[in-house]
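Note sheet for the following structure.
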Amino acid sequence: MAKGFGGGRMGGMGGGINMNMIKQAQKMQQDMMKMQEELQQKEYTAAAGGGVVSATVDGKRELKSLVIDPEAVDPEDVEMLQDLIVAAVNEACRAAEADAASSMQRVTGGLNLPF
């Protein structure tokens with residue numbers, strides 16, 4: 001057997017990687033995939049303008065519905081309605097993002113992984 005190859009260990013890994021670490025990483029990966037699938041099925045709704053505009057997005061941050069109360073429609077102030085729509089959609093997206101970050105933190109145990 002050639003010397004210098006770590007004697008059966010993964011060289012350069014500070015003592016090698018044990019099977020328990022590999023199993024933990026595989027379980028974390030499976031948990032993350034399951035969590036991502038669950039998040040994609042969720043919906044997040046937010047309102048703006050005291051509830052006259054509400055937007056619902058899914059876990060993929062795709063707009064699923066937009067509800068506009070007729071009292072929010074003022075032909076003289078279209079810009080306000082546009083601003084309310086943007087605000088509601090952005091807030092729903094932020095809620096989806098916050099939920100995803102929280103779920104990811106639970107799965108990874110707070111590790112800052114680059115996913």
Side-chain angles (χ1 to χ4, degrees):
M1 175 173 255
K3 293 186 178 186
F5 286 101
R9 291 193 235 169
M10 302 288 282
M13 298 301 284
I17 298 176
N18 65 36
M19 289 305 291
N20 190 39
M21 289 174 65
I22 292 171
K23 287 179 183 177
Q24 286 177 340
Q26 288 172 336
K27 179 170 180 353
M28 185 183 297
Q29 184 179 20
Q30 290 171 348
D31 291 347
M32 287 173 52
M33 290 174 63
K34 181 181 176 192
M35 182 230 16
Q36 287 174 337
E37 289 173 10
E38 290 171 359
L39 286 171
Q40 289 180 357
Q41 300 302 314
K42 286 185 170 184
E43 290 189 346
Y44 306 86
T45 301
V52 295
V53 174
S54 67
T56 300
V57 299
D58 64 15
K60 296 181 239 177
R61 309 333 177 262
E62 292 179 359
L63 183 63
K64 301 307 278 183
S65 72
L66 180 66
V67 178
I68 302 171
D69 187 313
E71 73 180 55
V73 181
D74 179 358
E76 301 296 319
D77 195 2
V78 174
E79 285 183 14
M80 182 186 70
L81 178 57
Q82 293 168 338
D83 290 344
L84 293 174
I85 292 169
V86 169
V89 171
N90 285 337
E91 185 59 32
C93 288
R94 279 191 287 276
E97 186 64 34
D99 190 29
S102 174
S103 296
M104 184 68 71
Q105 189 171 16
R106 281 193 308 274
V107 170
T108 64
L111 296 174
N112 287 328
L113 300 175
F115 314 86

Problem set entry | Residues Lys34, Glu38; criterion side chain to side chain contact (heavy atoms under 4.5 Å, CB included); working and verdict | CA-CA 6 Å; Lys34 181 181 176 192; Glu38 290 171 359; 3.1 Å; yes

For this session: Would you give the length of the straight line joining atom OG of Ser103 to atom CE of Met32, rounded to the nearest 0.5 angstrom?
Result: 11.5 Å

Problem set entry | Flag if over 12 foreign heavy atoms under 6.0 Å of CD, Gln29 | no

Problem set entry | Lys/Arg N to Asp/Glu carboxylate O, Arg94 vs Glu91, below 4.0 Å | yes

For this session: Mark yes or no for whether Asp69, through its side chain, and Ala72, through its backbone, hold a donor-acceptor pair below 3.5 Å.
Result: no

Problem set entry | Nearest-0.5 Å distance that lies between atom CG in Leu81 and atom CG in Asp74 | 9.0 Å

Problem set entry | Minimal non-hydrogen separation, Ala87 against Ala48, with atom names | CB-CB, 4.0 Å

Exercise. Does the side chain to side chain contact (heavy atoms under 4.5 Å, CB included) test come out yes or no for Val53 and Val67, once each step is laid out?
Worked result: CA-CA 6 Å; Val53 174; Val67 178; over 6 Å; no

Problem set entry | Cluster overlap Leu63 with Tyr44, hydrophobic side-chain contacts below 4.5 Å | yes

For this session: Could you tell me whether Lys42 and Asp99 have a side-chain N and a carboxylate O separated by less than 4.0 Å?
Result: yes

Seminar exercise, completed: For Thr45 and Ser54 the tightest heavy-atom approach is CG2-CB, 4.4 Å

Problem set entry | Spacing of CD belonging to Gln40 relative to CE belonging to Met35, to within rounding of 0.5 Å | 10.0 Å

Seminar exercise, completed: Ala46 and Ala92 have their tightest heavy-atom pair at CB-N, 3.4 Å

Exercise. From Asp58 CG over to Lys64 NZ, what is the distance, rounded to the nearest 0.5 angstrom?
Worked result: 5.0 Å

Exercise. Nearest 0.5 Å, what's the CG-CE distance between Leu84 and Met80?
Worked result: 5.5 Å

For this session: Test Glu97 against Arg61 for side chain to side chain contact (heavy atoms under 4.5 Å, CB included), laying out the working first.
Result: CA-CA 8 Å; Glu97 186 64 34; Arg61 309 333 177 262; 2.5 Å; yes

For this session: Test side chain to side chain contact (heavy atoms under 4.5 Å, CB included) on Val52 and Ile68 and set out the steps.
Result: CA-CA 6 Å; Val52 295; Ile68 302 171; over 6 Å; no

Exercise. Do Gln36 and Met104 touch side chain to side chain, with heavy atoms closer than 4.5 Å?
Worked result: yes

